[in-house]
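Here the structure is laid out as structure tokens; the discussion comes afterwards.
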Amino acid sequence: MLSTLYNTIEGALREVTGRDEVFLVEGGAHADLASTVAFGLAKQERKSPVEIARDLAARLAKRDDFTEISVEALGPYLNFHFSRAVIERALLEATLPGYGTLPRKEERVVLEHTSANPNGPLHVGHIRNTILGDTLARSFRKAGYPLEVQYYVNDMGRQIAIVVWGFSTLKDTPVHGEKGDHHVARIYIAANRALEARPESVAEVDRLMQQVENGDQATVALFRKAVTLCLDGFTVTLQRLGARHDRFVWESDFIRNGDTARVLAKVSHMEECHEDGKLWLDLSASGFEKEYVLRRSDGTSVYAARDLAYHTWKGRNFDRVIDVLGADHKLIGAQLIATLRLLGEKTPEIVHFEFVSLPEGSMSTRAGKFVSADELLDEVERRAMEEVTTRRPELPETERRAIARSVALAAIRYDIVRISPEKSTVFDWKEALDFERQSGPYIQYAHARACSILEKAGEFEECIMLENEHEMALARQIIRFPMVIESVVRELKPHLLAAYARELADLFNAFYHFEPVLKSEGMTRRSRLTLVRATQNTLAEALQTLGIDALRTM
RNA sequence: GGGCUUGUGGCUUAGCCAGGAUAGAGCGCCGGGCUUCUAACCCGGAUGUCGAGGGUUCGAAUCCCUCCAGGCCCGCCA
């Protein structure tokens with residue numbers, strides 16, 4: 001609805017100015033939309049931008065399609081305001097379940113995220129991937145796209161070979177109640193230590209890798225067992241994080257089904273291809289000086305080759321391919337894209353996120369230096385439980401526990417998704433345990449307050465009559481929601497949604513403080529209740545898209 | 001050494017791609033607000049050479065160049 005108005009204004013500006021680019025942007029405090037096109041025209045027409053803006057405003061105001069839009073020139077700026085009727089109509093839509101869901105699209109999207117190597121538990125770095133990916137996934141579904149979420153299981157890497165070697169050669173005393181992924185990490189760390197002490201054993205690891213690529217039954221079974229043990233642990237963590245994958249795609253499948261061999265055969269006919277024992281591509285024409293090696297001289301494939309097969313498959317089965325990957329994959333990702341382009345295959349859109357480090361330095365699974373997602377969840381839940389118990393001692397323990405779990409997840413997810421991915425961060429317990437402003441629980445709290453009002457109000461007849469600036473500001477924010485969803489999937493920026501939800505909570509809190517709802521009367525009361533319902537519904541939809549529970553009480 | 005990327009009040013951060021109206025927030029700090037719809041809240045105040053320098057432009061946090069600092073990458077690992 002609002003995007004229609006945007007198009008109307010943009011079209012009108014283009015007609016009136018004869019320019020393609022009319023600089024139409026959000027007007028902030030000044031207007032609903034604003035344009036700075038007068039500056040550009042000033043030079044061309046040799047008149048002052050103020051004069052031009054005044055002229056344009058006068059011409060635009062006369063148009064038939066501007067019945068619901070008012071336009072004014074403020075200095076050199078053109079400011080557009082939507083009529084109250086437009087805002088009020090949009091607001092009524094916002095009270096309906098599913099608000100913000102965009103029309104169904106045909107384009108099939110595949111989104112890969114997390115895809116951590118199964119050699120130890122997910123840590124606070126991996127879950128940045130999970131949370132960015134899952135929020136994007138929820139946004140795509142909200143935006144009407146048929147979507148499949150995939151986890152790419154690196155089940156034949158050197159790391160896994162080391163785990164398998166560790167399990168078969170080291171003494172393993174089981175720890176009671178230990179999750180599979182933590183067990184695997186313990187073995188992986190010990191195996192690395194053992195290999196450092198006995199470098200001659202490295203050959204045994206190499207042999208395992210060759211055997212698995214050749215399809216040796218016993219070795220394949222050992223790899224599968226180790227990977228499954230770790231993956232089962234991941235599944236539990238991912239579920240706690242509220243993230244769901246539709247499909248786990250195993251890397252080794254692309255060896256077994258012949259896809260890797262096929263793609264290598266195709267690659268070998270490329271003019272960029274060189275074979276001198278190893279098989280590699282010269283991508284210097286695409287700006288990469290390093291050799292892009294796809295097959296070792298012993299005949300085994302490398303990760304890049306299997307990745308090429310995986311992405312070829314994705315490109316042929318989906319219309320849009322999106323990967324969420326760590327910044328360490330930037331180079332290999334760019335090489336992958338360059339190669340797919342040369343092969344004439346569809347290329348993925350890659351969202352890279354920068355690393356999360358610890359105050360004492362970067363994380364390392366191999367060295368055992370990491371904060372696992374499980375410990376983070378446990379600790380934040382423990383703190384949340386303390387908080388809930390202080391605030392709501394009267395609630396039964398099971399209910400407090402459930403609220404604490406939701407609050408903890410909200411704190412963790414929001415803390416991560418609010419930061420744009422290109423920023424490298426340092427993990428900080430104090431921030432992770434903060435439930436105050438600019439946090440997930442803060443937004444949940446605004447929602448719970450709205451629910452509380454609505455519950456006390458009982459039945460009422462909806463109507464909208466916006467009377468003051470608090471109401472208007474809140475209403476304007478509510479009706480932006482569908483456009484925010486659209487921006488998130490267009491720009492692949494989930495933090496836009498995080499910022500939106502927080503601003504909505506801010507505006508609701510101000511409204512809540514200054515404008516009594518239940519104590520007002522008549523039309524004012526009904527209108528404010530309608531506004532509360534629209535806010536509650538929009539917050540609930542936004543929170544759900546962020547993967548955060550919209551608690552009715554807390 | 002080369003490539004990519006980040007640098008915004010004491011701390012964390014939005015805005016940068018598509019230059020424009022007083023650079024938005026939060027934490028912390030100072031002051032105020034709970035017999036009133038959940039104070040995980042609200043209101044007011046102090047704090048900014050937007051890393052440094054140059055350039056383009058009527059106009060630069062935003063575009064270009066140089067430099068400085070942090071992160072990541074540069075393997076027949078994944």
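The figures that follow rest on heavy atoms only: side chains count, while hydrogens, waters and symmetry mates do not. Per chain, numbering begins at 1; letters A, B, ... match sequence-line order.
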- Task: Pick base, sugar-phosphate or nothing for Glu26(A), based on heavy-atom distances below 4.0 Å to the nucleic acid.
- Result: nothing
- Pair partner, U47(B) [Watson-Crick or wobble, under 3.5 Å]: none
Can you name the atoms? Protein N/O to nucleotides 2-6 of chain B N/O, anything below 3.5 Å, with the distance.
unit_1	atom_1	unit_2	atom_2	d
C4(B)	O2'	Lys330(A)	NZ	3.4

- Task: For Glu21(A) and for Ala31(A), locate the closest nucleotide of RNA chain B by heavy-atom distance; then report the residue assigned to the nucleotide nearer the 5' terminus.
- Result: Glu21(A)
- Message: OP1 or OP2 of C37(B) versus the side-chain N and O atoms of Arg528(A): is any pair under 4.0 Å?
- Response: no
- Query: With rounding to whole Å, what would you report as the distance between C63(B) and C4(B) at their P atoms?
  - Reply: 15 Å
- Measure the CD1-CD1 distance between Ile416(A) and Ile127(A) for me, rounded to the nearest 0.5 Å. 4.0 Å
- Rounded distance in Å between the P positions of C11(B) and G45(B): 23 Å
- Have a look at Ala499(A) and say if it touches a base, only the backbone sugar-phosphate, or nothing, with a 4.0 Å heavy-atom cut-off. nothing
- Would Phe355(A) pass as stacked on G71(B), i.e. its ring centre under 5.5 Å from the base's six-membered ring centre and planes under 30° apart? no
- Message: Less than 6.0 angstrom from the centroid, inside 45 degrees of the normal: does Arg449(A) satisfy that with respect to the ring of Tyr512(A)?
- Response: yes
- Query: Taking the C1' atom of each, how far is C41(B) from U5(B), in whole Å?
  - Reply: 38 Å
- Polar contact flag, side-chain donor to acceptor under 3.5 angstrom, Gln150(A)-Tyr310(A): yes
Between the protein and nucleotides 22-28 of chain B, list every N/O to N/O distance that falls short of 3.5 Å.
unit_1	atom_1	unit_2	atom_2	d
A25(B)	O2'	Gln438(A)	NE2	2.5
A25(B)	O2'	Arg502(A)	NH2	3.2
G26(B)	OP1	Arg437(A)	NH2	3.3
G26(B)	O4'	Gln438(A)	NE2	3.0
G26(B)	O2'	Arg437(A)	O	3.3

- Query: Would you call the rings of Phe234(A) and Tyr151(A) parallel, tilted or perpendicular, where under 30° means parallel and over 60° means perpendicular?
  - Reply: tilted
- Would you tell me whether Arg366(A) and Asn119(A) have side-chain atoms, one donor and one acceptor, within less than 3.5 Å of each other? no
- Item | Test: Arg224(A) cationic atom under 6.0 Å from Trp250(A) six-membered ring centre, within 45° of axis | yes
- Task: Using the P atom on both, measure G15(B) against U6(B) and round to a whole Å.
- Result: 11 Å
- Which part of the nucleic acid, if any, lies within reach of His495(A) when heavy atoms closer than 4.0 Å are counted: base, sugar-phosphate only, or nothing? sugar-phosphate
- For Tyr442(A), which contact category applies under a 4.0 Å heavy-atom criterion: base, sugar-phosphate, or nothing? sugar-phosphate
- For U66(B), the Watson-Crick or wobble counterpart (both distances under 3.5 Å): A52(B)
- For Val388(A), report the nucleic acid contact type (base, sugar-phosphate, nothing); a contact means any heavy atom under 4.0 Å. base
- In whole angstrom, give me the gap between the C1' atoms of G75(B) and G55(B). 41 Å
- Using the P atom on both, measure U66(B) against C30(B) and round to a whole Å. 46 Å
- With P as the reference atom in both, quote the distance from A18(B) to U62(B) in angstrom, rounded to an integer. 14 Å
For nucleotides 74-78 of chain B, give me every protein contact, N/O to N/O, under 3.5 Å, one pair per line with atom names.
unit_1	atom_1	unit_2	atom_2	d
C74(B)	O2'	Lys290(A)	NZ	3.2
G75(B)	OP2	Lys290(A)	NZ	2.9
C76(B)	O3'	Arg296(A)	NE	3.4
C76(B)	O2	Ser297(A)	N	2.9
C76(B)	O2	Ser297(A)	OG	2.9
C76(B)	N3	Ser297(A)	OG	2.6
C77(B)	OP2	Arg296(A)	NE	2.5
C77(B)	OP2	Arg296(A)	NH2	3.0
C77(B)	O3'	Arg296(A)	NH2	3.3
A78(B)	OP1	Arg296(A)	NH2	2.7
A78(B)	OP2	Tyr303(A)	N	3.0
A78(B)	O2'	Asn117(A)	OD1	3.0
A78(B)	O2'	Asn117(A)	ND2	2.9

- Message: Should Phe23(A) be counted as stacked on A18(B), where stacking needs a ring-centre gap under 5.5 Å and an angle between planes under 30 degrees?
- Response: no
- In Watson-Crick or G-U wobble terms, with both distances under 3.5 Å, the base opposite G19(B) is none
- Message: Please name the nucleotide paired to C4(B) by Watson-Crick or G-U wobble geometry with both distances under 3.5 Å, or report none.
- Response: G71(B)
- Give the ring-plane orientation class for Phe427(A) versus Trp429(A), where under 30° counts as parallel, over 60° as perpendicular and anything between as tilted. perpendicular
- Message: Would you say Arg533(A) and Thr95(A) are linked by a side-chain donor-acceptor pair, where the criterion is simply a distance under 3.5 Å?
- Response: no
- Task: Write down the distance separating the C1' atoms in C58(B) and A14(B), rounded off to the nearest Å.
- Result: 28 Å
- Mind checking Val25(A) for me? I need base, sugar-phosphate or nothing, with any heavy atom below 4.0 Å counting as a touch. nothing
- Item | Residue-phosphate contact under 4.0 Å: Thr36(A) side-chain N/O, G19(B) OP1/OP2 | no
- Could you tell me whether Ser439(A) contacts a base, only the sugar-phosphate backbone, or nothing, with contacts defined as non-hydrogen atoms closer than 4.0 Å? nothing
- Task: For Ala42(A), report the nucleic acid contact type (base, sugar-phosphate, nothing); a contact means any heavy atom under 4.0 Å.
- Result: nothing
